[in-house]
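I have placed the structure first, in the form of structure tokens, so that the comments after it can refer back to it.
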There are 2 protein chains.
Amino acid sequence: MPKPEVDPTVQLELGVDRGSPVPLYFQLSQQLESAIERGVLTPGTLLGNEIELAARLGLSRPTVRQAIQSLVDKGLLVRRRGVGTQVVHSQVKRPLELSSLYDDLEAAGQRPATRVLVNTVVTASADVAAALAVAEDSEVHRLERLRLTHGEPMAYLCNYLPSGLLDLDTGQLEATGLYRLMRAAGITLHSARQTIGARAATAAEAERLGERTGAPLLTMQRVTFDDTGRAVEFGTHTYRPDRYSFEFQLLVRS
Amino acid sequence: MPKPEVDPTVQLELGVDRGSPVPLYFQLSQQLESAIERGVLTPGTLLGNEIELAARLGLSRPTVRQAIQSLVDKGLLVRRRGVGTQVVHSQVKRPLELSSLYDDLEAAGQRPATRVLVNTVVTASADVAAALAVAEDSEVHRLERLRLTHGEPMAYLCNYLPSGLLDLDTGQLEATGLYRLMRAAGITLHSARQTIGARAATAAEAERLGERTGAPLLTMQRVTFDDTGRAVEFGTHTYRPDRYSFEFQLLVRS
DNA sequence: GTAGTTCGGTTGTCCGGACATACGGATTGA
DNA sequence: TCAATCCGTATGTCCGGACAACCGAACTAC
């Protein structure tokens, strides 16, 4: 005799609050996500069909679909036509967002420290002007910082920002990350173009990071855009590869 | 006197074919995307409102919304409540998909070549078994390849695959990429966990890539999962940093 | 002149229904 | 025994409508 095969979402205490300003589909998707993360919905579990789920929650099918779709986009669920929707096995954690080194380190419990080396306004050189899409003689902020963990240098960050975009207080820069300051200033980050490579350290770079000349360095160049398409930041970073590497999760876009 | 401010989508020859099996929202999103890429819809342009657009095309608003939403997810459009939907300025090209080195090179017109160095079955070592989530003494495919462009070595690729997943023909491997073979075998790639770093080349690595011992190398480790959550590939790659770097576009997930 | 308010327009959310399509298993046939 | 076919079921697509929330600009009142 086969086991009952009950709909696993029945046991879940699912329910939406129609009085809340939080959208219904979002309430549902959060509850499902939490159930997956807590292991209540185990990998491979087949969710009950959308129609029945909608009926049980007193929602319409489009609303339930919107909730499920958002989790599919996050990589937590997989839909199969004619079969159903099931929880993905793998341990998807962070599908690679536009990350701040400072936030990453803080989340890892590394207690990052920043030493601001340079914080001035200069006229844009050719490559900086091209990256930020500003005139070649216009003024830009130039920022050089050393990022340390446990008192040891880990990365050297050189950034340029269009002038007039943001007040850059050295004290604030040493207390938090650049992205957080930009967001706090009302800039909504939208996308970034990144290049990751490697090269041998020059004498000056080696000195800054406490390495030997010629030692391998991990490099990252990035231009960040806000939602109007303006370039709001151009950065050239070098990392000590024994202390830092880029780690992320990718989803296949279908 | 202000200029007419016509809806820019009016000039576009938009129209859907209801006889086609291609979904209507997809037809529309492709036409819009093509218009953006061809520069017909210039950055900053405000699309006409969804209601009117739907009426003009003989579609319902949800269908039009679905088309627009897919382009928002790609980063091509930005919606603002109470304002409208506008074309994003920046040059978003590839929002970072799970890419195949072979396909990337081919797309760049580099005519990649592959030399298969090793193609055997071995028993899984501890780290390989852990990455692929198989028993430590089980059999796995071991694959070592050298990827060349213009006859020069560019990357050394070492991959492991669970046994029985796929027939690995050396001839096919030299003619195309591993991912393409996997897809052709009915494996639907879903996600991958990647780590990018750098280190100094060992004597053996330097020899393989035509570098000097101690030269900086760009490294990438990756575990790929299919849509059932099985690990289907574990790879350790090393690249010559003067010939290759990782370049991609990130979107802020909101 | 300036600050607060109103108002039109746009996207955000949600509903209930309908038909199409694909997958998997059961049934049927050779 | 094995293959082809049928059918139930689930998701995929699409419709037409409704109200809410929000933004910006014009307007009004001070």
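Residue numbering restarts at 1 for every chain, and letters A, B, ... go by the order of the sequence lines.
Atom CG of A:Leu46 and atom P of C:dG25 are 12 Å apart (whole Å).
Rounded to 10 degrees, the angle separating the terminal helix axes of the helix from C:dG1-D:dC30 to C:dA30-D:dT1, each built from five base pairs, is 0°.
A 4.5 Å side-chain heavy-atom check between B:Phe246 and B:Ile196 finds at least one atom pair inside the cut-off.
A salt bridge does not link B:Glu174 with B:Arg145: none of the charged nitrogens is closer than 4.0 Å to a carboxylate oxygen.
Across B:Val88 and A:His190, no two heavy atoms sit closer than the pair CG2-CE1, 3.9 Å. Counting all heavy atoms, side chain and backbone alike, B:Thr123 lies closest to B:Val140 at C-CG2, 4.5 Å.
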Inset, instruction - Report the C-alpha distance between B:Glu33 and B:Arg38 in whole Å, list the side-chain angles of each, state the deciding distance to 0.1 Å, and finish with yes or no for salt bridge (charged side-chain N to carboxylate O under 4.0 Å, His left out). - result: CA-CA 9 Å; B:Glu33 182 170 0; B:Arg38 282 180 296 130; over 6 Å; no

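For the residue pair B:Gln86 and B:Arg79, no side-chain donor N or O sits within less than 3.5 Å of a side-chain acceptor on the partner. For A:Asp17 and A:Gln27, the side-chain atoms include no donor-acceptor pair closer than 3.5 Å.
Around atom CZ of A:Phe26, no more than 12 heavy atoms belonging to other residues, nucleotides or ligands sit under 6.0 Å away.
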Inset, instruction - Scan nucleotides 6-15 of chain D nucleotide by nucleotide, 5' to 3', and note B when protein non-hydrogen atoms come under 4.0 Å of the base, S if they reach only the sugar-phosphate, - if neither. - result: ----BBBBSB

